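Before any comments, here is the structure.
When a residue number appears, it is its place in the shown sequence, counting from 1. Counting starts at 1 for both ligands and their atoms, in listed order. What you are looking at is a predicted structure, and each value in this text was computed from that prediction instead of being measured.
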Amino acid sequence: MESPKSVCSQEELVSEIRAMAPWHHDIALTPDLSTGRVFSETGRLLPPENQGVSLISPREKFLRRLQELYPAGMSGKSFLDCACNAGGYCFWAREQDVARAVGFDVRKHWIDQAKFVLQHRQVAPVDNIEFHEMDLYDLPQRNWEPFDLVYFSGIFYHLPDPITGLKIAADLTRDVLVLNTSMDNSGVETLGLKLSIEGTEPLMSGVHELAWLPNNPETLYAILRWMGFREMVLAADQTNPTSLRRRVEIYAAREPGRLDGIKTDLKT
Ligand SMILES: C[S@@+](CC[C@H](N)C(=O)[O-])C[C@H]1O[C@@H](n2cnc3c(N)ncnc32)[C@H](O)[C@@H]1O
């Protein structure tokens with residue numbers, strides 16, 4: 001379904017973008033305007049500079065990953081983004097010609113932004129993209145067909161029962177699931193999940209208070225293997241020496257050999 005095309009002037013768009021702040025995703029609307037560049041020349045800001053929310057601009061990196069996964073393009077493929085925030089990954093997947101892109105997030109703030117971009121983005125097609133304000137745990141009630149590629153980024157460590165949450169996404173994955181998560185890096189050697197109680201007010205947090213941080217990629221491999229993934233690649237691993245957190249991105253595929261094209265970007 002075509003979305004209504006923007007009839008706003010550049011000034012009106014800028015004013016709307018400011019009114020909808022803070023933004024986490026820098027997404028281009030026109031050749032001269034993106035949601036992030038209204039606030040910063042690079043489309044990037046640290047949380048203290050942006051109402052406690054990091055402003056990120058990951059389009060290029062994401063497109064390189066899609067190219068590695070689907071060198072022949074994504075025509076006819078479907079994409080699901082769990083906890084989609086302002087929907088950046090859905091819009092960029094659509095640039096690669098996916099037949100269907102669906103994003104959902106539990107917070108109205110982010111889904112309002114995603115729908116705003118849907119309405120005003122002029123630099124790429126926005127048909128066949130949909131957004132829903134929804135908790136991950138309500139996803140099974142939708143009875144959707146499985147998606148080729150499922151994105152599970154920045155949500156695992158915000159869930160009271162992350163194994164059930166990830167299983168919900170895994171059961172909707174036909175081909176590849178991307179798991180990007182923060183991890184505990186305090187040096188515990190026993191594989192497991194560490195308790196992390198979080199506030200529910202911050203826009204980037206979970207909504208259930210109870211949450212868990214995995215402490216080793218091996219913990220995540222064991223969980224993903226149990227969910228039926230037969231090949232896994234640690235595509236990125238970043239540790240900040242002054243922080244007790246570590247961030248990993250794991251690609252998990254149903255078929256062995258499927259991830260041969262993924263390049264790793266290991267920084268420890
Ligand atoms: C750290 S941000 C990650 C955003 C985005 N996935 C990304 O990687 O850029 C966490 C997101 O998860 C959403 N979220 C938290 N708990 C959720 C839940 N139970 N169901 C759906 N979305 C949730 C938040 O509203 C927020 O947008």
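Those atoms of ligand 1 that come under 4.0 Å of a heavy atom in Y157, given as number and element, are 1 (C). Near D135, with a cut-off below 4.0 Å to any heavy atom, the atoms of ligand 1 are 18 (C), 19 (N), 20 (N). Interface of S205 with ligand 1, defined as ligand atoms under 4.0 Å from a residue heavy atom, comprises 15 (C), 24 (C). Near R107, meaning under 4.0 Å from one of its heavy atoms, ligand 1 places the atoms 24 (C), 25 (O). Within ligand 1, counting atoms from 1 as listed, the ones closer than 4.0 Å to a heavy atom of M134 are 20 (N), 21 (C). Near H25, the atoms of ligand 1 lying under 4.0 angstrom from a non-hydrogen atom of the residue are 7 (C), 9 (O).
With respect to atom 8 (O) of ligand 1, the closest heavy atom belonging to the protein is S153 OG, 2.6 Å. The nearest protein atom to atom 20 (N) of ligand 1, hydrogens excluded, is given as L136 N, 3.0 Å; this is a heavy-atom distance. The protein heavy atom nearest to atom 4 (C) of ligand 1 is A83 O, 3.7 Å. Among all protein heavy atoms, the one lying closest to atom 2 (S) of ligand 1 is M204 CE, 3.6 Å. Nearest to atom 14 (N) of ligand 1 among the protein's heavy atoms is V106 CG1, 3.7 Å. For atom 26 (C) of ligand 1, the closest non-hydrogen atom of the protein is D105 OD2, 3.6 Å. In terms of protein heavy-atom proximity, atom 10 (C) of ligand 1 is nearest to G154 O, 3.2 Å.
F62 and Y151 have their aromatic ring centers within a separation under 6.0 angstrom.
Taking a 4.0 Å cut-off on heavy atoms, N180 fails to register as neighbouring ligand 1. Ligand 1 is never approached by G165 to a heavy-atom distance shorter than 4.0 Å. In this structure, Y89 counts as a contact residue of ligand 1, since one of its heavy atoms falls inside 4.0 Å of the ligand.
Between E145 and R100 there is no salt bridge, since none of the side-chain N atoms of the basic residue sits less than 4.0 Å from a carboxylate O of the acidic one. For E133 and K115, the salt-bridge test fails: no basic side-chain N is under 4.0 Å from an acidic carboxylate O. Between D26 and R37 there is a salt bridge, since a side-chain N of the basic residue sits under 4.0 Å from a carboxylate O of the acidic one. Taking a cutoff of 4.0 Å between a charged side-chain nitrogen and a carboxylate oxygen, R94 and D127 qualify as a salt bridge.
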* **F116 and F131: CA distance, side-chain angles, deciding distance, ring-ring contact (aromatic ring centres under 6.0 Å, His included) verdict** => CA-CA 11 Å; F116 169 81; F131 294 109; over 10 Å; no

* To do: Go through the steps to decide whether C90 and V98 satisfy the test side-chain contact (heavy atoms from CB on, under 4.5 Å), and finish with yes or no.
  => CA-CA 9 Å; C90 284; V98 291; over 6 Å; no

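Other residues, nucleotides and ligands place no more than 12 heavy atoms under 6.0 Å from the CD atom of E209.
Among the atoms of G206, none of the N or O lies under 3.5 angstrom from an N or O of ligand 1. Inclusion of H24 in the set of residues having an N or O under 3.5 Å from an N or O of ligand 1 is warranted. Polar contact check, L159 against ligand 1: no nitrogen or oxygen pair lies under 3.5 Å apart. On a distance-only criterion, C84 and ligand 1 share no N/O pair closer than 3.5 Å. Close N/O approach between N85 and ligand 1 is found [any backbone or side-chain N/O within under 3.5 Å].
Shown are D135, D112, L203, N85; of these, the side-chain contact (heavy atoms from CB on, under 4.5 Å) with R107 is made only by L203. Of the options W110, F91, Y89, a ring pair (Phe, Tyr, Trp, His ring centres under 6.0 Å) to H25 is made by Y89 and by none of the others.
Of the possible donor and acceptor atoms, one in the side chain of E68 sits under 3.5 Å from a partner among the backbone N and O of K263.
Apart from V207 itself, the hydrophobic cluster it occupies contains V106, where clustering links Ile, Leu, Val, Met, Phe, Trp and Tyr at side-chain heavy-atom distances under 4.5 Å.
The shortest distance between side-chain heavy atoms of N185 and S243 does not fall below 4.5 Å.
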